[in-house]
Amino acid sequence: MSDTMLWPLMAYSALVVCVTATMLGSYVLGQRHRGLGVGTPYESGIVSEGSARVRFSAHFYLIAMFFVVFDLEAVFLFAWAVAAREAGWAGYWEVVIFIGVLLVALMYLWGGGAFDWASERQPQRGITCSGR
């Protein structure tokens with residue numbers, strides 16, 4: 001490697017060492033408080049109400065997983081769109097297959113009742129949303 005390519009790495013490493021040393025120094029030299037309210041949990045200065053062990057519906061986690069899956073799909077499709085000319089027809093057909101598999105999975109989840117929030121019926125075909 002040449003010296004022109006090495007200086008950004010050295011500057012970044014020096015910055016990381018300085019920030020880490022500053023944080024460790026403030027921890028070691030900082031004040032210690034032992035008051036009554038120090039160990040009390042709060043958020044934004046507001047004392048919390050209720051238990052932190054609230055049970056969420058399994059639908060919450062199911063929708064979170066859908067978001068992650070389809071967000072990753074968008075990332076892959078964006079990367080393909082950027083390199084579409086270089087990928088050629090082979091890349092085009094790979095994306096068509098990729099979207100097809102995702103559409104089949106979406107139809108399966110839809111048919112199984114994974115998106116049915118209105119009724120209390122149990123999902124069909126092996127998809128469990130009850131969390132048990």
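In what follows, every heavy atom counts, from backbone to side chain, and hydrogens, waters and symmetry copies are set aside.
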ask   = Does T20 use its side chain to pair, donor to acceptor, with the backbone of V17 at less than 3.5 Å?
value = no

CH2 (W110) and CG (L106) are apart, to the nearest 0.5 Å, by 7.0 Å

Interatomic distance, CD1@I97 vs CG@L102, rounded to 0.5 Å, equals 12.0 Å

- Under a 4.5 Å side-chain heavy-atom rule over Ile, Leu, Val, Met, Phe, Trp and Tyr, are V19 and V28 clustered together? no

*When hydrophobic residues are tied together by side-chain contacts of less than 4.5 Å, even through go-betweens, does V101 share a cluster with V69?*
no

Give the cluster check for M5 versus L15: same hydrophobic cluster or not, with ILVMFWY residues linked at side-chain heavy-atom distances below 4.5 Å. no

Is it the case that over 12 heavy atoms from other parts of the model lie below 6.0 angstrom from the CZ atom of F98?
yes

### Message
Does V96 form a side-chain contact (heavy atoms from CB on, under 4.5 Å) with Y92? I'd like the steps, not just the answer.
### Response
CA-CA 6 Å; V96 167; Y92 173 76; 3.8 Å; yes

Tightest non-hydrogen contact, residues W80 and G91, listed as NE1-O, 3.4 Å

| field | Neighbour count >12 (heavy atoms, 6.0 Å) for atom CZ, F70 | value | yes

Should L103 and L77 be regarded as members of a common hydrophobic cluster, given that ILVMFWY residues are connected when their side-chain heavy atoms come within less than 4.5 Å of each other, either directly or indirectly? yes

Please check: side-chain N/O of R85 versus main-chain N/O of A83, any donor-acceptor pairing under 3.5 Å?
no

Scanning both residues in full, the closest heavy-atom pair of S26 with M23 reads OG-O, 2.9 Å

